[in-house]
Asks: 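So that we are looking at the same thing, I have put the structure below in structure tokens.
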Amino acid sequence: MSKNLYIKTFGCQMNERDSEIIEQLLAQEGYIATAEPEGADLILINTCSIREKAEQKVFSLLGSLRPEKQKNPKLLLGVTGCVAQQEGEQIRARMPHVDLIIGTQQIYRLPEMLDRLSQGVTSKEIATDMEASFTIPPFQKLLNIAPSPLPVAASGCKRFVTIMQGCDNFCSYCVVPGTRGRETSRQVADIVEEVEILVSQGVREITLLGQNVNSYGTTNQVADQQINFPKLLRKVAGIKGVQRLRFTTSHPKDLTEELMRCFAEIDNLCPHFHLPVQSGSNAVLRRMNRKYTVETYLAKVDLLRQYRPDIALATDIIVGFPGENIDDFQATMDLLNRVRFHSSFSFKYSDRPHTRSAEFGDKISEEEKNRRLSTFQQQQDLISFERNCEYIGKKVEVMVEAVHMKNLKGRTLGNHIVHCPDSAASLVPGDLVMVRILDAGKHSLKGKIEN
Ligand code: SAH
Ligand code: SF4
Ligand code: F3S
């Protein structure tokens, strides 16, 4: 008999991909994924702990599910992802109605855990057994467990393919090295096979995923020798059917000229690059343990733009890092105005458990962090708007992602969202159309199909 599975996913694309893997795994056990929690037999919360706010959301959602559990004692409630990995004990203590807590590298053991749970074994006993029997290299097992991807209808025309996991960079503020473990690269053959299956099912856009894709193959435990990220990119780009190729995320210190050259030479590699800088102040970058300077970052951006002048650059910024003074913050604003990123994700610094910066003195007040964040975001909005206006009048290639009534939504090569109201043509997700851009806002473009 089939059972209903509802997964709520927080956090980054790694988590989104993990949720898909979980769906695939549990489909083999008779679970059907549903879009709503009502009527679910199993609810999984795939969690993120990157910032305090993300973690608070998890605890409040878990709390709000308590009455559901009381109403329906057969309902199973599980927590996966980064909070589960780091704060398993705390979840167990604060949320006794949670049945399962599964760390990031153990999701492939979910079917076995559910099985044991149904035999009456408690979740604490399962967790203890798991630790005792932990012998298989988890990542290898995890990534190769579900070779047959979801049907395209369920997932659209673009998909993520994980190429590496974990992070060895230990930025002083970041939980990821703790929640995802050491960098581990996947075998080329497995990556190629997964992409081939996806395109054979009609997927047209592939995004290669990792916390730090630029170091793919260099700190490998699993990947083949003699391969690095630019070579992998060329290989994947060459797979027939891959219309658009993207990747995320990159650490600036590992961005090489060989990779920049890919943007000039690989036709289907999209001119879109997420290169998190975090701060425009060398003093702050040093305390963040980022291992590059503002000068080397800017030099890389300049060179990248020589290889690919139309590249759309995105970044991540943290404001209010401990000890960030007004001059440091101004340096971040100067960097924004110099690079003029197409878009950015900006965050208020937040202390995280087991990170070095949590111990740093000279914390910035919440009020001042708010002020800096809004100053930064206002300027970014203005720049995004100006950048978007540069497209007005141009004809650009758009991949259709959704069609609702006659309104089409899609993305440009640079990853800008485009809306085309009143599109008469019958189009489906994955179709490529040429669009004349007629208007721009700070977050999207508006246009008209003009094939
Ligand atoms: N691996 C990616 C980033 C993953 S986390 C990279 O290095 O590019 C995504 C973003 O969250 C980071 O780039 C950073 O800007 C932000 N972030 C991470 N830890 C944070 C913290 N403690 N407080 C605020 N923002 C944080
Ligand atoms: Fe976190 Fe730094 Fe690793 Fe990115 S590179 S995941 S910010 S430790
Ligand atoms: Fe969050 Fe974990 Fe991703 S902490 S950002 S879900 S790696």
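We count ligands from 1, going down the list as the structure has it; atoms in each ligand are counted the same way. Computed from a prediction, not measured in an experiment: that's the story for all the values here.
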Asks: Does NZ in Lys8 sit with more than 12 non-hydrogen atoms of other residues, nucleotides or ligands closer than 6.0 Å?
Replies: no
Asks: Let me know which protein residues bring a heavy atom to under 4.0 Å of ligand 1; chain then number is fine for ordering.
Replies: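 Close residues (ligand 1, cut-off 4.0 Å): Ile50, Arg51, Tyr173, Gln211, Thr249, Pro276, Gln278, Arg290, Asp316, Ile318, Phe347, Lys348, Tyr349, Ser350, Arg352.
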Asks: So Phe10 and Leu61, do their side chains get closer than 4.5 Å, heavy atoms only?
Replies: yes
Asks: Rounded at 0.5 Å granularity, tell me how far CD in Glu359 sits from OG in Ser172.
Replies: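 Rounded to the nearest 0.5 Å, the CD-OG separation comes out at 11.0 Å.
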Asks: Considering only NZ, NE, NH1 and NH2 on the basic side and carboxylate oxygens on the acidic side, decide whether Glu367 and Arg371 come within less than 4.0 Å.
Replies: no
Asks: By number and element, which atoms of ligand 2 are closer than 4.0 Å to a non-hydrogen atom of His251?
Replies: 5 (S)
Asks: Counting neighbours of CZ on Phe170 that are heavy atoms of other residues, nucleotides or ligands and sit closer than 6.0 Å, is the number greater than 12?
Replies: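 Result for CZ/Phe170: enclosed.
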Asks: Salt bridge or not for Glu29 and Lys3, using N-O below 4.0 Å?
Replies: no
Asks: With a 4.0 Å cut-off, would you call Arg244 and Glu397 a salt bridge?
Replies: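 Judged by the 4.0 Å cut-off on N to carboxylate O distance, Arg244 and Glu397 do form a salt bridge.
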Asks: Is the ring centre of His416 less than 6.0 Å from the ring centre of His342?
Replies: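 Here the rings of His342 and His416 have centres that are less than 6.0 Å from each other.
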Asks: Using side-chain heavy atoms (C-beta onward) and a distance below 4.5 Å, is Lys253 in contact with Asn169?
Replies: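 Lys253 vs Asn169: side chains touch.
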Asks: In terms of heavy-atom contacts, does NZ of Lys363 have more than 12 from other residues, nucleotides or ligands at under 6.0 Å?
Replies: yes
Asks: Does a salt bridge link Glu366 with Lys348, judged by any charged N lying under 4.0 Å from a carboxylate O?
Replies: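 Answer for the salt bridge query: yes.
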Asks: Tell me the nearest of Met14, Arg290, Gln278, Lys291 to atom 4 (Fe) of ligand 2, using heavy-atom distances.
Replies: Arg290
Asks: Has Gln211 got any heavy atom lying under 4.0 angstrom from an atom of ligand 3?
Replies: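 Gln211 counts as a contact of ligand 3 under the 4.0 Å cut-off.
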Asks: Excluding sequence neighbours, so at least two apart, what forms salt bridge (Lys or Arg N to Asp or Glu O under 4.0 Å) with Arg290?
Replies: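 Arg290 satisfies salt bridge (Lys or Arg N to Asp or Glu O under 4.0 Å) with no residue once adjacent residues are dropped.
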Asks: Taking only protein atoms, how many N, O or S atoms are found under 2.8 Å from atom 2 (Fe) of ligand 3?
Replies: 1
Asks: With atom 1 (Fe) of ligand 2 as the centre, enumerate protein N/O/S atoms below 2.8 Å in chain and residue order.
Replies: Cys174 SG
Asks: Write down the atom of Ala33, the atom of Glu23, and the distance for their closest heavy-atom approach.
Replies: CB-CD, 3.7 Å
Asks: Are Val284 and Phe329 side-chain neighbours, meaning at least one heavy-atom pair lies under 4.5 Å?
Replies: no
